[in-house]
*Asks:* 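Before I ask anything, here is the structure I am working with.
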Amino acid sequence: MRNVLWGPEVPDHRASDDGGPFVDFVMKHNYSIINNPNSQSTFETKNGKSWIDITISSRDLDHKISDWTVTKCVFSDHSFLSFNFAIDSGPPLVNSFRISKRKIFKLGNLVADRFRHAEAEIYQIKTKKGLEDWVQKLTDFIHGVCKWTAPVKAAHFRVPWWDQELEIQRKKTRALRFRYQR
């Protein structure tokens, strides 16, 4: 199947979203597509070429995959897809942090307000430039929400003499003060 996520946009007589169900599957299971859309074709015959062979990975492993390449094969219509896999790579680049219920509620209201009129906005778009502008506004909104929900580093971490040991002592002191006040 073809899709712009793993190959260039190619004009064709077939439906333009042949890869839709597969993309839904990839998104549902939180996989990453490793293919480079600017690579050589992964399938080639005398009738034409296509980018139909796909390499996917779980999000936990995609940061360990590098140097994905297409190598033409003389014995098959399909090319070899090769990549390097780093075994001793660091932890995944995932920022996991807890968000308070109050922030989640505020975040839900922000998103609901933003998307309340999204369908009407999309129907009003008539040009490619209009769509690109709408996507850019949506991207800016998402970045703003991410910055707003990200935890703020405390000011005492910005000074060079504050270390993890002092942070532990601070937490113990606060817990003891709270217990005393109760």
*Asks:* Tell me every residue that passes side-chain contact (heavy atoms from CB on, under 4.5 Å) with F25, counting only those two or more places apart in sequence or in another chain.
*Replies:*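 Testing F25 for side-chain contact (heavy atoms from CB on, under 4.5 Å), a comparison that skips the adjacent residues, returns F22, H29, Y31.
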*Asks:* Going by salt bridge (Lys or Arg N to Asp or Glu O under 4.0 Å), name the residues that satisfy it together with K46, two or more places apart in sequence or in a different chain.
*Replies:*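 Listed in chain order: nothing, the list is empty.
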*Asks:* Given 3.5 Å as the limit, does a donor-acceptor pair link the side chain of T127 with the main chain of G130, or not?
*Replies:*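 Yes.
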*Asks:* May I ask you to test the T42-L81 pair for a side-chain heavy-atom distance under 4.5 Å?
*Replies:*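 Counting from C-beta outward, T42 and L81 do come under 4.5 Å.
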*Asks:* Can we say E167 and R170 salt-bridge, meaning some charged N sits less than 4.0 Å from an Asp/Glu carboxylate O?
*Replies:*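 Between R170 and E167 there is a salt bridge, with a charged N closer than 4.0 Å to a carboxylate O.
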*Asks:* With sequence neighbours excluded, what pairs up with S82 under the side chain to side chain donor-acceptor pair (under 3.5 Å) test?
*Replies:*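 Listed in chain order: T69.
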*Asks:* Output a table of donor-acceptor pairs, distance under 3.5 Å, between side-chain atoms of residues 172-182 and any protein atom two or more places apart or on a different chain; print 'none' if there are none.
*Replies:*
| unit_1 | atom_1 | unit_2 | atom_2 | d |
| --- | --- | --- | --- | --- |
| T173 | OG1 | Q169 | O | 2.8 |

*Asks:* Applying side chain to side chain donor-acceptor pair (under 3.5 Å), name anything that partners N30, two or more places apart in sequence or on another chain.
*Replies:*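 Here the qualifying residues are R59.
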*Asks:* Please state whether the rings of F43 and H78 are parallel, tilted or perpendicular, taking 30° and 60° as the class boundaries.
*Replies:*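 Answer is tilted, since the angle falls between 30° and 60°.
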*Asks:* Give every residue pair that meets the salt bridge (Lys or Arg N to Asp or Glu O under 4.0 Å) criterion with at least one member in residues 112-127, sequence neighbours excluded.
*Replies:*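 Sorted pair list: D113-R116, R114-E121.
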*Asks:* Taking it one step at a time, do F115 and L110 satisfy side chain to side chain contact (heavy atoms under 4.5 Å, CB included)?
*Replies:* CA-CA 9 Å; F115 287 104; L110 278 172; over 6 Å; no
*Asks:* Hey, mind stepping through I33 and V26 against side chain to side chain contact (heavy atoms under 4.5 Å, CB included) and telling me if it holds?
*Replies:* CA-CA 8 Å; I33 296 173; V26 167; 4.2 Å; yes
*Asks:* Can you name the residues that form a side-chain contact (heavy atoms from CB on, under 4.5 Å) with I125, not counting sequence neighbours?
*Replies:*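 Applying side-chain contact (heavy atoms from CB on, under 4.5 Å) to I125 gives L131, W134.
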*Asks:* Check whether F80 and I54 end up in the same hydrophobic cluster, where Ile, Leu, Val, Met, Phe, Trp and Tyr are linked by side-chain heavy atoms less than 4.5 Å apart.
*Replies:*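 No, because F80 and I54 fall into different hydrophobic clusters, even though each may have its own neighbours under 4.5 Å.
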*Asks:* Less than 4.0 Å between a side-chain N and a carboxylate O, is that true for D133 and K129?
*Replies:*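 So K129 pairs with D133 through a salt bridge.
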*Asks:* Between I34 and W68, what is the shortest heavy-atom contact and its length?
*Replies:*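 Minimum heavy-atom separation between I34 and W68: CG2-CD1, 3.6 Å.
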*Asks:* Do you know which two heavy atoms are closest between D53 and N35, and how far apart they sit?
*Replies:*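 Distance-wise, the nearest heavy atoms are O-ND2, 2.8 Å.
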*Asks:* With Q136, which residues qualify under side chain to side chain donor-acceptor pair (under 3.5 Å), at least two apart?
*Replies:*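 In terms of side chain to side chain donor-acceptor pair (under 3.5 Å), with neighbours along the sequence ignored, Q136 is linked to D140.
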*Asks:* Rounded at 0.5 Å granularity, tell me how far CG in L166 sits from NZ in K171.
*Replies:*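 Going from the CG atom of L166 to the NZ atom of K171 covers 12.5 Å.
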*Asks:* Going by the rule side-chain contact (heavy atoms from CB on, under 4.5 Å), which residues pair with S79 if we only count those two or more places apart in sequence or in a different chain?
*Replies:*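 Scan of S79 (side-chain contact (heavy atoms from CB on, under 4.5 Å), adjacent residues dropped) gives V70, K72.
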*Asks:* Who passes side-chain contact (heavy atoms from CB on, under 4.5 Å) against N84, sequence neighbours left out?
*Replies:*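 Once residues adjacent in sequence are excluded, the partners of N84 under the side-chain contact (heavy atoms from CB on, under 4.5 Å) criterion are S66, D67.
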*Asks:* What pairs with D77 under salt bridge (Lys or Arg N to Asp or Glu O under 4.0 Å), at least two apart in sequence or on another chain?
*Replies:*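 Scan of D77 (salt bridge (Lys or Arg N to Asp or Glu O under 4.0 Å), adjacent residues dropped) gives none.
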